[in-house]
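Below: the structure, in structure tokens.
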Amino acid sequence: MARIAVIGAGMGAMAAAARLAVAGHRVVVYERTRTYGGALGRFERDGFSFDTGPGLLPLPAVWRDLFVKTGKEPLESCVELVQVDPSSRHVFADGTAVSLPNASRAGVVAALDAALGAGAGQRWGDFLVRARETWDRTRRPLLEEPLWPNWRVLAEREPYPAVPHKRLLRTRRAETLAEVGAWELRDARLAALLEGHALAHGLDPRTAPANTAVLPYMEYAFGVWYVRGGGLRELARAVYERCLARRVEFRFGAEVTGIVEKDGRVAGVELAEGALEEAEFVVSGVAPEVLERLCGGAPVRGADEVPARRGGSSRLTVLLALRGGRPEGTAHRTVVHAADREAELDRLFGAAPGMAARPTVTVLRPEDPALVPDADHEAVTLSVTVPALDGASDRATTEVSARRAEQLIDVAARAVPDLRDRLLWHEVRTPAEVAADTGVADGAIPVPALAGAGGRLLHPSNGTRTEGLFTVGGWSHPGGGLPHAGMSGALVAGLVVEGPGFRGSQ
Ligand SMILES: Cc1cc2nc3c(=O)[nH]c(=O)nc-3n(C[C@H](O)[C@H](O)[C@H](O)COP(=O)(O)OP(=O)(O)OC[C@H]3O[C@@H](n4cnc5c(N)ncnc54)[C@H](O)[C@@H]3O)c2cc1C
């Protein structure tokens, strides 16, 4: 039995903690805030309740597996998981709208044909077949196995089987997601549907590699899920309670300020009050710049390893308390696509990052009595990808965010009739709040690991230069997002328990 210190109570870290405790180790989680879950926060006011992090769960199998491996009660006995159907409604720039059924390829093809014209569904369906091949090629190395020591193979090869495209006298194959949209989908609305998946993760579809196709594939193949009875924060609660049941100890309000090393091996963590907590293994669930600080500025990774990713996009979230109940048949998620795609991408990823006047806005309207004071009210969440914090003053950031929130409400009014008339109050959650919840200084949100692109979208391996020090969560392999963070917990537990020979769960 080893003593294991886990830094942070984010989802990746808690997934590792529960598994390590089941393997017989004494696990203590040190969390700087007063609660668990990291990005999976909750905002409550006047009987309304909102998720402040992700509002939907892809690939629940990852969390089901955690519950199977750590106890008798399956995930479904601990939270009420429901499939969201339709998986989303889309309102495109030209006013066309389409609702896509959950996890039904035939249903999606038929809906797209009906809304966008004959042939559109078939092109999307054919794309999903290629996306599936990409998933089959990358699922193990980019989700289920520790990062390969020869990771350059993943960095150099684009696994998406692009269709040859004749252009002038040359035949080309799509290398970016935007090229997949333009050359293979050949409809601005289908391209918007595709690119929306990259944008939601803070990626520019014009530079994101073609294998970003796995992100829409995961949704269409495995469905989109919600946790009824309070939202995704309830998943964090269930994982926390599973940790407690396995005797993981939590210390809240306990910021780790240093990692102690002795003779090249980790020896424990130091807390803000200067106390030393000895440990044979340390599992760090924090961002790379925090980890580097904790290691006294010493390099955490070897020169030949994937460098840590830094920065990226963040999220602006606007929580709306509405009078009047949620109308019957309302879609859980509506994506209102940008009025001008080029303008949105240029603004967001250009030299002076900002937000377009009418950006792509995701509107979440869960059917969940736990979120509202009574049936005559509705809780709605709007979100948009925005640049991470740029060092501007708090006041300037707050003013910009307040202005952006008004823009979001205007865009959302295209999907929610009478939105302004029904509005009781709204609350704005900025990248500064993301920073406060996660400890990531600029509020950036990590993206899932992707192949190709010269390795730009890979994350560093879970092992480090220091023996006994491991990294978990969105900033290390296999990257950000709930399924990925959950898998990082499984990988770290495997590496600690079985050693460097661990090759992933079968
Ligand atoms: C607004 C928002 C929307 C998102 N939407 C989606 C989505 O739609 N789909 C999706 O899949 N993913 C989404 N994500 C990302 C997803 O929530 C995360 O990737 C996932 O929860 C994994 O988090 P993590 O394990 O990296 O830990 P984090 O959530 O980053 O938590 C890190 C924890 O470490 C603690 N900590 C930091 N420094 C210290 C220290 N020195 N000592 C002690 N504790 C410390 C922090 O307080 C925090 O609790 C979203 C995230 C945010 C913020």
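Counting starts at 1 for both ligands and their atoms, in listed order. Residue numbers start at 1 and run along the sequence shown.
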Honestly, for L40 the part within reach of ligand 1 (heavy atoms, under 4.0 Å) is side chain
Counting only nitrogen or oxygen atoms and a 3.5 angstrom limit, does H201 reach ligand 1?
no
Would you say L143 and T138 make side-chain contact, with heavy atoms under 4.5 Å?
no
Answer yes or no: does atom CZ of R132 have more than 12 heavy-atom neighbours from other residues, nucleotides or ligands under 6.0 Å?
no
Those atoms of ligand 1 less than 4.0 Å from some heavy atom in V434
53 (C)
Select the closest option to atom 32 (C) of ligand 1 among G285, A15, A435, judged by heavy-atom distance.
G285
To check your reading of the model: name the closest protein heavy atom to atom 38 (N) of ligand 1, its residue, and the distance in Å.
V286 CG1, 3.4 Å
Here the atoms of ligand 1 under 4.0 Å from any heavy atom belonging to D437 are 46 (C), 47 (O), 48 (C), 49 (O)
No-hydrogen, no-angle side-chain donor-acceptor test under 3.5 Å, S461 and E305
yes
Protein contact to atom 34 (O) of ligand 1 [nearest heavy atom, distance to 0.1 Å]:
G8 CA, 3.4 Å
Should one rank A485, A39, A287, G55 by closest heavy-atom distance to atom 22 (C) of ligand 1, which comes out on top?
A485
What protein heavy atom sits nearest atom 23 (O) of ligand 1, and how far away is it?
M11 N, 4.3 Å
Counting heavy atoms only, which of G474, P54, P483, G10 is nearest atom 13 (C) of ligand 1?
P54
Taking non-hydrogen atoms only, is W475 closer than 4.0 angstrom to ligand 1 via side chain, backbone, both or neither?
neither
For atom 5 (N) of ligand 1, what is the closest protein heavy atom, and at what distance to 0.1 Å?
R315 NH2, 3.2 Å
Centroid separation F250 to Y30 less than 6.0 Å:
no
Salt bridge check: are E31 and R251 linked by an N-O gap of less than 4.0 Å?
no
At what distance is the nearest protein heavy atom to atom 12 (N) of ligand 1, and which residue and atom is it?
G481 CA, 3.4 Å
Starting from atom 35 (C) of ligand 1, which protein heavy atom do you reach first, and at what distance in Å?
E31 OE1, 3.2 Å
Other residues, nucleotides, ligands: >12 heavy atoms within 6.0 Å of E241 CD:
yes
Taking atom types as modelled, find out whether R309 and S476 have a side-chain donor-acceptor pair closer than 3.5 angstrom.
no
On a heavy-atom basis, I'd like to know which of R429, R32, E255 is closest to atom 44 (N) of ligand 1.
R32
Need the ligand 1 atom indices (1-based, order shown) with element for anything under 4.0 Å from a heavy-atom of G12.
25 (O)
Within ligand 1, which atoms have a heavy atom of T33 less than 4.0 Å away?
47 (O)
A student comparing V256, I445, L57, T438 should find that the heavy atom closest to atom 41 (N) of ligand 1 comes from V256
Classify the side-chain pair N102/Y220 by whether it contains a donor and acceptor separated by less than 3.5 Å.
no
Going by the order shown, which atoms of ligand 1 are within less than 4.0 Å of some heavy atom of G473?
25 (O), 26 (O)
Do we see a donor-acceptor contact under 3.5 Å between the side chains of T360 and E344?
yes
Check each of R301, R310, R465 against E292 using the salt bridge (charged side-chain N to carboxylate O under 4.0 Å, His left out) test, and report the only one that passes.
R310
If we only count N/O pairs under 3.5 Å, is V290 in contact with ligand 1?
no
So is T52 in contact with ligand 1, going by heavy-atom distances below 4.0 Å?
yes
Does an N or O anywhere in L482 fall below 3.5 Å from an N or O of ligand 1?
yes
Could you tell me whether the side chain of R26 and the main chain of A21 form a donor-acceptor pair under 3.5 Å?
no
Qualifying residue for side-chain contact (heavy atoms from CB on, under 4.5 Å) with V266, from V283, T464, V282:
V282
Surrounding CD of E367 (heavy atoms of other residues, nucleotides or ligands, distance under 6.0 Å), is the total greater than 12?
no
Please test R246 against T70 for side chain to side chain donor-acceptor pair (under 3.5 Å), starting from the C-alpha separation and ending with a verdict.
CA-CA 8 Å; R246 302 279 75 89; T70 59; 5.5 Å; no
Check each atom of ligand 1 against the heavy atoms of G38 and keep those under 4.0 Å away; list them by number with element.
29 (O), 31 (O), 48 (C), 49 (O)
